[in-house]
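Report on the following structure.
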Amino acid sequence: MIDALALEPGMNVLEIGTGTGYNAALPAEAGARVVTVEIDPELSAAASAALERTGFADRVSVATGDGEQSVPGHAPFDRVIVTAAARTIPYPWVEQARDGGRIALPYSGPECVGALVVLTVSGGTAEGHAVGDAYFMPPSCRCEARSSRSRCCRPNTRPTRFAGSTSPCPRPARPSRSGEPHKARTERFS
């Protein structure tokens, strides 16, 4: 996933899902400035302490919050990396990425479970395709009401949609009927 970002020194990177902080240290070691967001306050604090102990605190900022909302105070980002399986692509990720920015995520939607999807942002939309496999655990969430059919209730989340193909993230080995590669596109709609 890190390779899929095509990082360059000096880039601003947003990581969704801090965990231990290890993955946030990798782009920092490559010269990027990293903001990482974790929904679990205990994990966030532990990761912050680990990054401090290992000398990354000056290159990695740890925020506690809902990664689906991104981290508005630190945008725009050149790259966004998601370290939890995503069934949708929340529009704040697109909105807070620069034009030409990349979003890399392990996609777990019904169209293509376990795909590493890389999207390029341009003009408020993100387009891309699967570049390989990536299986991750689903993200945690805080929510008063849970449905047995949904991961978490999120009444204020704007939906995203894919357009331009019958499958938003087919594996690279499966070309379309025309022989052209499939593309995924996500944009805000109401």
For P106 and V82, the nearest pair of non-hydrogen atoms, with its separation, is CD-O, 3.0 Å
Contacts table for residues 26-34: side-chain donor-acceptor under 3.5 angstrom, sequence neighbours left out:
residue	atom	partner	partner atom	Å
R33	NE	N12	OD1	2.9
R33	NH1	G10	O	3.1
R33	NH2	G10	O	2.8
R33	NH2	N12	OD1	3.0

Result block: side-chain N/O donor-acceptor pairs under 3.5 angstrom for residues 54-62, not counting sequence neighbours:
residue	atom	partner	partner atom	Å
T54	OG1	A50	O	2.8
T54	OG1	L51	O	3.4
R59	NH2	G55	O	3.2

Using a 4.5 Å cut-off on heavy atoms from C-beta on, say whether the side chain of V13 contacts that of V80.
no
If I take atom OG1 from residue T125 and atom CD from residue E95, how far apart are they, to the nearest 0.5 angstrom?
12.5 Å
Show the nearest heavy-atom pair for residues A47 and G19, with the distance to one decimal.
CB-O, 3.4 Å
At what distance, to the nearest 0.5 angstrom, does CD1 of I103 lie from CD1 of I89?
7.0 Å
Would you list the pairs meeting side chain to side chain donor-acceptor pair (under 3.5 Å) in which at least one residue belongs to residues 43-53, sequence neighbours left out?
S44-T64
Spacing of CD belonging to E68 relative to CD1 belonging to I39, to within rounding of 0.5 Å:
8.0 Å
Separation between CD of Q69 and CH2 of W93, rounded to the nearest 0.5 Å:
10.5 Å
A6 and R79: which non-hydrogen atoms are nearest, and at how many Å?
O-NH2, 3.3 Å
Can you measure from CG (D78) to CZ (R98) and round to the nearest 0.5 angstrom?
4.5 Å
For a 4.5 angstrom cut-off between non-hydrogen side-chain atoms, does H129 reach V117?
no
Would you say that Q96 contacts P76 through its side chain, given a criterion of any heavy-atom pair below 4.5 Å between the two side chains?
no
Would you please test I81 and I2 for side-chain contact (heavy atoms from CB on, under 4.5 Å) and show each step?
CA-CA 8 Å; I81 184 168; I2 297 289; 3.8 Å; yes
Path from L14 to L43 over hydrophobic side-chain contacts below 4.5 Å
no
For the atom pair CD1 (I16) and OG1 (T83), what is the distance rounded to the nearest 0.5 Å?
8.0 Å
Return the minimal non-hydrogen interatomic distance between V118 and A4, and the atom names on each side.
CG2-CB, 3.7 Å
Kindly state each residue pair satisfying side chain to side chain donor-acceptor pair (under 3.5 Å) with at least one member in residues 14-26, sequence neighbours excluded.
E15-N23, E15-T36, T18-T36
Looking only at heavy atoms, which two atoms of V121 and A97 are closest? And how far apart?
CG2-CB, 3.8 Å
Do you know which two heavy atoms are closest between A104 and L5, and how far apart they sit?
CB-CD2, 3.7 Å
What verdict does the side-chain contact (heavy atoms from CB on, under 4.5 Å) test give for L116 and Y107, after you've listed the backbone C-alpha separation in whole Å, the side-chain angles of each residue and the deciding distance to 0.1 Å?
CA-CA 6 Å; L116 171 55; Y107 184 72; over 6 Å; no
